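All remarks here apply to the structure that follows.
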Amino acid sequence: MTIAVTGATGQLGRLVVERLTSKVDADGIVALARSPDKAADLGVAVRAFDYARSGALAPALAGVDTLLLVSSNAIGQRTAQHRNVIAAAKEAGIGRIVYTSLLHADTSPLDLAAEHRETEAALAAAGVPVTILRNGWYTENYLGAVRGALANGVLIGSAGGARIASAARADYAEAAAVVLTGPGHEGRTYELAGDLAWTLTDLAAELSRQSGQEIAYENLPAADYAAALRRAGMPDDLAAAIAGWDVAASNGALFDDGRQLSMLIGRPTTPLPNTVAAAIA
Ligand SMILES: NC(=O)c1ccc[n+]([C@@H]2O[C@H](COP(=O)([O-])OP(=O)(O)OC[C@H]3O[C@@H](n4cnc5c(N)ncnc54)[C@H](OP(=O)(O)O)[C@@H]3O)[C@@H](O)[C@H]2O)c1
């Protein structure tokens with residue numbers, strides 16, 4: 001039984017490989033990396049694997065039974081890249097593909113959802129057994145905002161009172177390791193989110209509590225939030241995207257209370273204060 005993980009040099013992929021090594025023999029794990037040198041410290045076999053190099057993908061999957069396809073971070077190119085991987089997995093005779101999608105990808109108001117919907121459709125069309133992990137937001141996505149808030153004494157955003165059911169990357173990584181190594185996940189789609197939802201006002205209060213500084217949440221129109229992010233040095237496109245994701249959050253994009261993540265990992269998800277504490281430290 002050989003399990004391969006794409007994007008193994010990324011923040012999530014690394015954690016998945018680490019969690020896998022605690023569950024199965026390292027000989028049965030393959031790290032797939034666009035830059036293999038960056039994966040040399042993982043302690044498992046490494047193979048070159050660039051989603052954009054379609055001709056080289058199937059040979060790199062030789063002997064792999066189960067593949068974790070970690071979604072690419074090349075927004076706008078992801079559907080084409082993922083289709084390359086799915087075609088190669090089919091050609092290589094992979095037994096199951098596990099894919100990291102997006103929370104409620106089928107209905108999500110996030111602009112990011114389209115490429116995940118397209119990938120899920122490509123997976124269904126390929127006829128290979130699949131497990132879909134529809135990952136919610138990482139709590140770590142807010143660490144940049146935390147640094148800004150600590151520096152400026154105010155947390156800004158456009159999410160209003162949106163409930164954000166985030167979890168730590170390590171929680172999603174553990175879930176991936178569980179479905180890669182355990183039985184009964186074939187054909188399943190999991191909506192993965194944190195147990196306890198919070199608002200940006202809650203985050204500001206938690207920051208105040210842990211830092212001893214008074215930090216309030218200031219809700220801004222999306223255009224003003226994007227402008228503030230640009231003034232802080234963020235590229236135009238990213239600033240507009242982040243403000244848009246807050247607006248989508250206020251329309252429910254980041255909320256789920258099904259607790260499928262904690263059920264999969266067999267423990268509560270990492271609470272917000274723990275991730276804030278790690279950031280402040
Ligand atoms: N749920 C969330 O809150 C959230 C937030 C951000 C992103 N995401 C999605 O979840 C994925 C994993 O998150 P993450 O935090 O681990 O992201 P990350 O740290 O940016 O890692 C992305 C990984 O994708 C790899 N990659 C990019 N282009 C590739 C290509 N052409 N061929 C092969 N590998 C390629 C990168 O390789 P290199 O090391 O060579 O760059 C890296 O290993 C992201 O890629 C994105 O799709 C989710």
Side-chain angles (χ1 to χ4, degrees), residues 4-19 30-42 44 46-57 60-61 67-89 98-105 108 110-120 132-145 159 162 164-177 190-194 197 238 241-242 244-246 248-249 253-256 261 269-270 272 275:
V5 177
T6 74
T9 53
Q11 298 165 92
L12 181 72
R14 276 188 169 274
L15 292 169
V16 174
V17 171
E18 279 170 31
R19 296 310 303 143
V30 175
L32 299 169
R34 171 166 59 173
S35 310
D37 293 355
K38 286 166 65 179
D41 61 323
L42 285 171
V44 300
V46 180
R47 296 184 194 168
F49 199 83
D50 183 334
Y51 302 150
R53 301 190 56 219
S54 53
L57 298 177
L61 295 175
L67 174 69
L68 175 65
L69 170 54
V70 172
S71 54
S72 171
N73 57 9
I75 293 170
Q77 298 164 46
R78 297 194 288 185
T79 302
Q81 292 184 348
H82 297 166
R83 283 185 183 138
N84 288 343
V85 177
I86 294 163
V98 178
Y99 172 64
T100 63
S101 183
L102 177 74
L103 186 66
H104 303 145
S108 175
L110 283 166
D111 55 4
L112 298 166
E115 290 177 304
H116 291 292
R117 277 194 291 274
E118 289 162 0
T119 302
E120 290 190 12
I132 307 289
L133 302 175
R134 287 186 174 163
N135 288 351
W137 236 218
Y138 307 145
T139 307
E140 290 90 339
N141 293 348
Y142 294 90
L143 297 188
I164 300 168
S166 70
R169 262 194 197 84
D171 300 330
Y172 298 105
E174 176 68 18
Y190 295 103
E191 303 289 352
L192 301 182
L238 185 58
I242 287 177
W245 298 338
D246 260 19
L254 306 182
F255 180 71
D256 181 85
L261 178 51
T269 59
T270 307
L272 175 69
T275 305

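In listed order, ligands and their atoms are each counted from 1. Keep in mind that this is a model prediction, so the values were computed, not measured.
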| field | Note: Arg78-Glu118 ion pair, threshold 4.0 Å (strictly below) | value | no
| said: Quiz question: by atom type and distance under 3.5 Å, do the side chains of Thr270 and Asp171 form a donor-acceptor pair? | reply: yes
| field | Check: His82 side chain, Ser72 main-chain N or O, donor-acceptor pair, under 3.5 Å | value | yes
| Evaluation steps, side-chain contact (heavy atoms from CB on, under 4.5 Å), between Phe49 and Thr6 | CA-CA 7 Å; Phe49 199 83; Thr6 74; 3.7 Å; yes
| task | State the CH2-CG distance between Trp245 and Leu112, to the nearest 0.5 angstrom. | result | 5.0 Å
| remark: side chain to side chain donor-acceptor pair (under 3.5 Å) filter on Glu174, not counting sequence neighbours, yields Arg19, Lys23
| remark: Distance filter under 4.0 Å, heavy atoms only, around ligand 1 gives Gly7, Thr9, Gly10, Gln11, Leu12, Arg34, Ser35, Lys38, Phe49, Asp50, Tyr51, Val70, Ser71, Ser72, Asn73, Arg78, Gln81, Gly136, Trp137, Tyr138, Asn141, Arg169
